[in-house]
Amino acid sequence: MPMSKIVVLFTLFHVVCLHSGIMLGNADGGGARKPYIVYMGELPEDRSSASLSGIHHTLLSDVIGDEIIAKNSKIHSYGRSFNGFVARLLPHEAELLSGKEGIVSVFPSKKRKLLTTRSWDFIGMPVNVRRNLQSESNIIIGLLDTGVWPDSPSFNDEGFGPPPAKWNGKCVKGVNFTGCNNKLIGAQPFDLANSVPQNETTPLDTDGHGTHTASTAAGISVKHASLYGIAKGTARGGAPSARIASYKVCWGSGCEDMDILAAYDAAIADGVDVVSVSLGGITLNYLEDSVAIGSFHAMEKGILTVCAGGNSGPYLWTVQNVAPWILTVAASSIDRKFVTDVKLGNGKMLTGTSLNTFSPKKRLYPLINGARARNTSSSVTGNYSACDYETLLASKVKGKIVYCQGSGGNVVVDALGAIGTIMSDDTFEDTMFINDDPLSYVSTKDGLKIDKYINSTRSPQGVIYKSRTTKTTAPFVASFSSRGPQDLSHHILKRYENRQIQHNIRNFNGLPSCFGSAAYVKSFRPKWSPAAIKSALMTTAKAMKGTPLGAELSSGSGNVNPTAALHPGLIYDIDTEAYISFLCKEGYNNSAISLITGNKKYNCANVPRGKGDDGLNYPSVYMQLKKNQTDISAVFYRTVTNVGDRKTVYKAKVESPKGLSITVIPDILKFDENNEKKAFKVSLRGRFLDNETWYLSGSLEWSDSKHNVRSPILVYRETNN
Ligand SMILES: *[C@@H]1O[C@H](CO)[C@@H](O)[C@H](O)[C@H]1NC(C)=O
Ligand SMILES: *[C@@H]1O[C@H](CO)[C@@H](O)[C@H](O)[C@H]1NC(C)=O
Ligand SMILES: *[C@@H]1O[C@H](CO)[C@@H](O)[C@H](O)[C@H]1NC(C)=O
Ligand SMILES: *[C@@H]1O[C@H](CO)[C@@H](O)[C@H](O)[C@H]1NC(C)=O
Ligand SMILES: *[C@@H]1O[C@H](CO)[C@@H](O)[C@H](O)[C@H]1NC(C)=O
Ligand SMILES: *[C@@H]1O[C@H](CO)[C@@H](O)[C@H](O)[C@H]1NC(C)=O
Ligand SMILES: *[C@@H]1O[C@H](CO)[C@@H](O)[C@H](O)[C@H]1NC(C)=O
Ligand SMILES: *[C@@H]1O[C@H](CO)[C@@H](O)[C@H](O)[C@H]1NC(C)=O
């Protein structure tokens, strides 16, 4: 498939990533019993564990026959936040079970891969950002990941009071795990597959991924001047006052669906406010997907799931099937790699990676490295070669392309007026993120060549070309895949942690991830629904500047802007009821939906369907045409809620590409009250003018004098390739 299809994902889901990836270990079992998840929806009235276990056992003995085998086959009963269980089954037993009353779905527990974390490093939030510390410290971020390393300075609890009263979770003891505190308030391992010996089960992060994720989301500010020899650097997460609860679901070989659901079952009941999941997995069916199921029950309780850092799956449909109650952040591709060539003034061509959307306007630009741009004042102590914060002189950097060692210099040099950055990093090749300026990562080997060239000439020059794509041969390497737990030690973890901290310091804007942002917004707006928070993050995202790769990026994609998200002006809210009518519309039947909702008499026929072509009050508009369709004709109904000024008037501003006409009725919305709702409709009319075009993208922006509430609009046509 062409690269450009992947790019659409950015547009379509805006700040939304794809919840997709590669699944492992899905071989069809011949004779051996395999773990299956039996999902049973909402908890019944009698939710005592004895009663639930009894029901689960009865179901198992019904289909297995043999009491003893039935008893031994059960691995685990869920039951704190939703109903269901895990059992070792033969395929025909699974089939039999799925037809039983009370069961929504039966599906094999598969392994998911961790997603690399690099992709969400692009979100900025200034250090002195206004914070609601009081309420932020009541926010609990639950992370489903590789566990946590409690000794990281990011989890120092100095100044934190006891955990919020609502906290109902645990800190489980384990090998080498030194325990929790008032910052890291919970840590639990979930290993239903017994992938490590039971006496070695521990919530400890032996990989580094979970620790990085947690500190990015909610690490405290850490001043590392003395620790790491970097002056005035501050590493901190998106919501540094928030508490962290770690749920370890990933072990050496991957992250099991059954563990993910067990963690959700716990986290919802434990009282977390935001759940972060950075795991891959292709969603074909919401009711056979552990993250979709877990996040649905979380959403019902007002808990937003953020899927951090995704990889665009190899197929477009993986994206369209992302559960709409999840907030996802766009990222990179699996079978495609974006390569970004760099040319030096001496004619040498080097190939780096990045997603650079800018075409150079000149043949060559002035080029400099950190060493030559350094501030030579004796009190500057940071790593200038890596372009650390406050080590360079703006006067030397301005208008130039800057070469920085390592992976973090771009944020600093961008802020100083550089027009592009070349960085050297061998570790992050598989992940991409979008930068505001031209950017390329070269290997450290090529980095050395660039450095040498710069040193060798009086006026070094260079240029960064727009990215092109190549097919990758190596499919995708998760950050942990090359290291089993057995060869991991504190030593490796420390190195990882160390590097990450330095990295954070260089990115003085901090690297809060999307869920840090969600937690941040939640701390100011505790009553907002998950959909409202998602809407706020989406409609206030910063549009990309410049001429991106394919016009589809220009109108649709953007970087999350958490501070703006506090004041979105209008929100597109969606309640549980609306998600359920969405499920009706997606074709799930009454019996399944009755079980999910716990409402025995649920009847999709009686449910007021969301009107219009998608039926969901989504903060973006997306329409898909068949391959041979050319005519576009659709109506979308939306309702916005006023969360800005009490009395205000919004006007609709529409951008539409050639061939597509976008009409908004009414195009003026007058509000007199807070939380007042106004409905409008968006009509799309037009046609694809040629056979080559496969998407048309535009946007709708509601503006009063203060707020701009922006929604991307995309019409996509299926293509052959
Ligand atoms: C615990 O720490 C010791 C010493 O660093 C190490 O040898 C051992 O492998 C660790 N065990 C686990 C399960 O991490
Ligand atoms: C766990 O048990 C195994 C086998 O009994 C033993 O070899 C191993 O050292 C134990 N691990 C720990 C951390 O106690
Ligand atoms: C160089 O660093 C010193 C010490 O931090 C600082 O006072 C000075 O303003 C810096 N110079 C420039 C031009 O930024
Ligand atoms: C500066 O940072 C780069 C990239 O991380 C690293 O390779 C280099 O060793 C550092 N230099 C010093 C003096 O710490
Ligand atoms: C380039 O010069 C800087 C000092 O200006 C030095 O630190 C660096 O090692 C040199 N790089 C190479 C590759 O020689
Ligand atoms: C409802 O759908 C499920 C599959 O999602 C199917 O197994 C079940 O038989 C259906 N029930 C009815 C009453 O159609
Ligand atoms: C368009 O494609 C669909 C199936 O993809 C087919 O059923 C239909 O006949 C096609 N229409 C035309 C006009 O080719
Ligand atoms: C578009 O494709 C159709 C059928 O595939 C073909 O008949 C038609 O000539 C094509 N039009 C253009 C402008 O290429």
Within the 4.5 Å heavy-atom criterion, are [X] and [Y] side-chain neighbours or not?
X	Y	result
Ile422	Ile401	yes
Val412	Asp388	no
Val380	Glu390	no
Thr340	Thr353	no
Tyr247	Asp145	no
Phe155	Ile244	yes
Leu344	Ile450	yes
Ile533	Arg525	no

Looking at [atom1] of [X] and [atom2] of [Y], how far apart are the two atoms once the value is rounded to the nearest 0.5 Å?
X	Y	atom1	atom2	answer
Phe177	Asp205	CZ	CG	9.5 Å
Thr206	Trp149	OG1	CH2	12.5 Å
Tyr365	Ile419	OH	CD1	5.5 Å
Arg372	Ser385	CZ	OG	12.5 Å
Cys404	Asn383	SG	CG	10.0 Å
Lys522	Ile139	NZ	CD1	6.0 Å

Donor-acceptor under 3.5 Å ([X] side chain, [Y] main chain):
X	Y	result
Thr146	Gly210	yes
Asp273	Ile140	yes
Lys400	Lys396	yes
Lys183	Ala242	yes
Arg243	Asn182	yes

Looking only at side chains, do Asn369 and Asp451 share a donor and an acceptor under 3.5 Å apart?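 On atom types as modelled, these side chains qualify, holding a pair under 3.5 Å.
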Do Tyr403 and Ser424 get their side chains close enough for a donor-acceptor pair, meaning under 3.5 Å?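 Judged by distance alone, the side chains do pair up.
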Closest non-hydrogen atom pair between [X] and [Y], with its separation:
X	Y	value
Thr421	Gly409	CG2-C, 4.5 Å
Gly352	Ser440	CA-OG, 3.4 Å
Gly406	Met423	O-CB, 3.2 Å
Gly447	Val442	N-CG2, 3.7 Å
Pro203	Ala187	CB-CB, 3.7 Å
Thr540	Pro568	CG2-CA, 3.8 Å

Stepwise side chain to side chain contact (heavy atoms under 4.5 Å, CB included) test for Arg374 and Thr391: CA-CA 6 Å; Arg374 72 183 282 210; Thr391 59; 5.8 Å; no
Yes or no on side chain to side chain contact (heavy atoms under 4.5 Å, CB included) for Val148 and Leu204, after CA distance, side-chain angles and deciding distance? CA-CA 5 Å; Val148 69; Leu204 184 75; over 6 Å; no
N/O donor-acceptor pairs under 3.5 Å from side chains in residues 454-464, not counting sequence neighbours:
from: Ser456; atom 1: OG; to: Tyr453; atom 2: O; distance (Å): 2.7

Applying the side-chain hydrogen bond (donor to acceptor under 3.5 Å, both in side chains) criterion to Asp151, which one of Asn156, Thr178, Thr211, Asn176 satisfies it?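 Among Asn156, Thr178, Thr211, Asn176, the one that satisfies the side-chain hydrogen bond (donor to acceptor under 3.5 Å, both in side chains) with Asp151 is Thr178.
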Verdict with supporting geometry, Ser620 and Met538, side chain to side chain contact (heavy atoms under 4.5 Å, CB included): CA-CA 8 Å; Ser620 63; Met538 284 176 75; 4.3 Å; yes
Residues in side chain to side chain contact (heavy atoms under 4.5 Å, CB included) with Lys449, at least two apart?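 Listed in chain order: Lys348, Leu350, Asp446.
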